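Below, chains carry the letters A, B, ... as their sequence lines are ordered, and counting in each starts from 1. Treat the numbers as computed from the prediction; the structure is a model and nothing was measured.
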Protein chains: 2
Amino acid sequence: MPRMAATDAFTAIAEPHRRVIIGVLADGAPHAVGDVVRRVRLRQPAVSKHLGVLRDAGLVSVQRQGRRRLYRLNAERLKAVHDWTSTFARLWTHQLERIKKRAEREGLEPFVRQPAKDEPDNGEEKR
Amino acid sequence: MPRMAATDAFTAIAEPHRRVIIGVLADGAPHAVGDVVRRVRLRQPAVSKHLGVLRDAGLVSVQRQGRRRLYRLNAERLKAVHDWTSTFARLWTHQLERIKKRAEREGLEPFVRQPAKDEPDNGEEKR
DNA sequence: CCATTATATCGCCATATTGGAATATGTCAA
DNA sequence: TTGACATATTCCAATATGGCGATATAATGG
């Protein structure tokens, strides 16, 4: 199935323009649609649509004020993404350590280098 | 423009199956494609495609070993996402505080409640 | 060399997404 | 009311996506 209706935060933030819009709302204050339009290279309808997606994903909440609608960032939903990525933090810190350690070994005591069994030379590869 | 080729981590992790696959690789060890296939409700070609997308996004690296290809998670790329969401942490902690504070006010000193001007009743709204 | 195993690719289909223009809807102000 | 303003919605075309079956490619064990 192609990506289904953007009901989750992950899908919602996949769109670059939407991340920009989130950036605009990042001050936590409510912003009118026109406000956002002025800061993005998109027409009003497109912005409205993106805001709609963000709203369906629970990433923003709306509030009417006269003839405009004020959108406000709902950061808790971003926390979900934050938390998911956090579960891998262990890995990236480890990898950094390993890189640093290897650099040290190669730089300071090149002969001690023993090819730890869990480090099979990694690296990109042509398709 | 429709979402362009999944060249960035955000797009890559938008797909639920891909997040599952990432989960499979979460132990940091190299996994053969067949390994992944066995753990996901998808045929091999689909898994290969997803792994391809993940690779194009730099989220995994491949390494040949005989007739199989070992994929390994490249967690630093997830760190990018982590960092982006972090820039909003300020907001969600604030909002939690505000909720807690409001609860306190309403629970302990219901009469003191003064509708702080930056709290215009928020909430969902019918389209 | 052959059959088998592991993986990638291709062709294809159904569906989704994005953005724009045009238009509808709602609200204010006089 | 009426007209201007703010935003949403609808319709449309272009493109991307995800999945499948079939097939190509590559390495392995005989």
Side-chain angles (χ1 to χ4, degrees), chain A residues 1-22 24-25 30-57 59-72 124-127, chain B residues 1-22 24-25 30-57 59-72 124-127:
Chain A
M1 244 175 301
R3 186 158 33 255
M4 83 188 83
T7 310
D8 69 293
F10 287 96
T11 307
I13 66 172
E15 229 287 330
H17 282 140
R18 281 197 292 264
R19 290 202 297 279
V20 173
I21 291 176
I22 289 176
V24 172
L25 304 182
H31 286 269
V33 177
D35 238 58
V36 179
V37 171
R38 258 167 262 127
R39 290 170 169 74
V40 182
R41 287 285 278 159
L42 282 178
R43 316 274 169 156
Q44 174 264 316
V47 171
S48 277
K49 276 186 222 171
H50 282 307
L51 286 170
V53 173
L54 291 174
R55 212 197 34 162
D56 289 349
L59 275 165
V60 302
S61 48
V62 211
Q63 178 208 345
R64 280 187 195 159
Q65 184 203 280
R67 50 184 143 182
R68 44 190 133 161
R69 309 225 181 172
L70 304 181
Y71 285 83
R72 174 198 306 258
E124 296 303 320
E125 184 127 343
K126 55 208 149 286
R127 273 252 215 213
Chain B
M1 248 176 294
R3 186 157 36 256
M4 83 187 84
T7 309
D8 69 294
F10 287 97
T11 308
I13 66 172
E15 228 289 330
H17 282 140
R18 281 198 290 264
R19 291 202 297 279
V20 173
I21 292 177
I22 289 176
V24 172
L25 303 182
H31 287 268
V33 176
D35 239 60
V36 179
V37 172
R38 256 167 261 127
R39 290 171 169 74
V40 182
R41 288 283 279 158
L42 283 179
R43 314 276 170 156
Q44 174 264 316
V47 171
S48 275
K49 259 197 223 176
H50 283 308
L51 286 169
V53 172
L54 291 174
R55 213 198 32 162
D56 289 349
L59 275 165
V60 301
S61 48
V62 210
Q63 177 207 345
R64 277 185 199 160
Q65 184 202 281
R67 51 184 143 184
R68 46 190 132 160
R69 311 229 179 168
L70 304 182
Y71 285 83
R72 173 198 307 257
E124 296 303 320
E125 183 128 343
K126 55 209 149 289
R127 273 245 216 217

What integer distance in Å separates Gln63(A):CD from dG26(C):C1'? 17 Å
Could you write out each protein N or O paired with an N or O of nucleotides 28-30 of chain D at a distance under 3.5 Å?
{"unit_1": "dT28(D)", "atom_1": "O4'", "unit_2": "Arg67(B)", "atom_2": "NH2", "d": "3.4"}

Which residues share a salt bridge (charged side-chain N to carboxylate O under 4.0 Å, His left out) with Arg19(A), sequence neighbours left out: Asp8(B)
Could you tell me if the side chain of Thr7(A) sits less than 4.5 Å from the side chain of Asp56(A), heavy atoms only? no
Would you please confirm or rule out a distance under 4.0 Å between OP1 or OP2 of dA8(C) and any side-chain N or O of Tyr71(B)? yes
Once salt bridge (Lys or Arg N to Asp or Glu O under 4.0 Å) is applied, what residue pairs with a partner in residues 36-48 of chain A remain, sequence neighbours excluded? Asp35(A)-Arg38(A), Asp35(A)-Arg39(A)
Quick check on dG19(D): is either OP1 or OP2 less than 4.0 Å from any side-chain nitrogen or oxygen of His50(B)? yes
Report the distance from atom CG of Leu70(B) to atom C1' of dA8(C), rounded to the nearest whole Å. 15 Å
OP1 or OP2 of dT27(C) less than 4.0 angstrom from a side-chain nitrogen or oxygen of Arg69(A), does that happen here? no
Main-chain N/O of His50(B) paired with Arg18(B) side-chain donor or acceptor, under 3.5 Å: no
Measure the distance from CG on Asp35(A) to C1' on dT7(D) and round it to the nearest whole Å. 13 Å
The criterion is side-chain hydrogen bond (donor to acceptor under 3.5 Å, both in side chains); which residues satisfy it with Gln44(B), sequence neighbours excluded? Ser48(B)
Could you state the CZ-P distance from Arg18(A) to dG19(C), rounded to the nearest angstrom? 8 Å
Identify each atom pair where a protein N or O and an N or O of nucleotides 20-24 of chain C are less than 3.5 Å apart, giving names and distance.
{"unit_1": "dG20(C)", "atom_1": "O6", "unit_2": "Lys49(A)", "atom_2": "NZ", "d": "2.3"}

Is there a donor-acceptor pair closer than 3.5 Å between any side-chain N or O of Arg72(A) and the backbone N or O of Ser61(A)? no
Write down the distance between CG (Leu54(A)) and P (dA8(D)), rounded to a whole number of angstrom. 12 Å
Using the C1' atoms of five pairs at each end, what's the angle between the two axes of the helix from dC1(C)-dG30(D) to dA30(C)-dT1(D), to 10 degrees? 20°
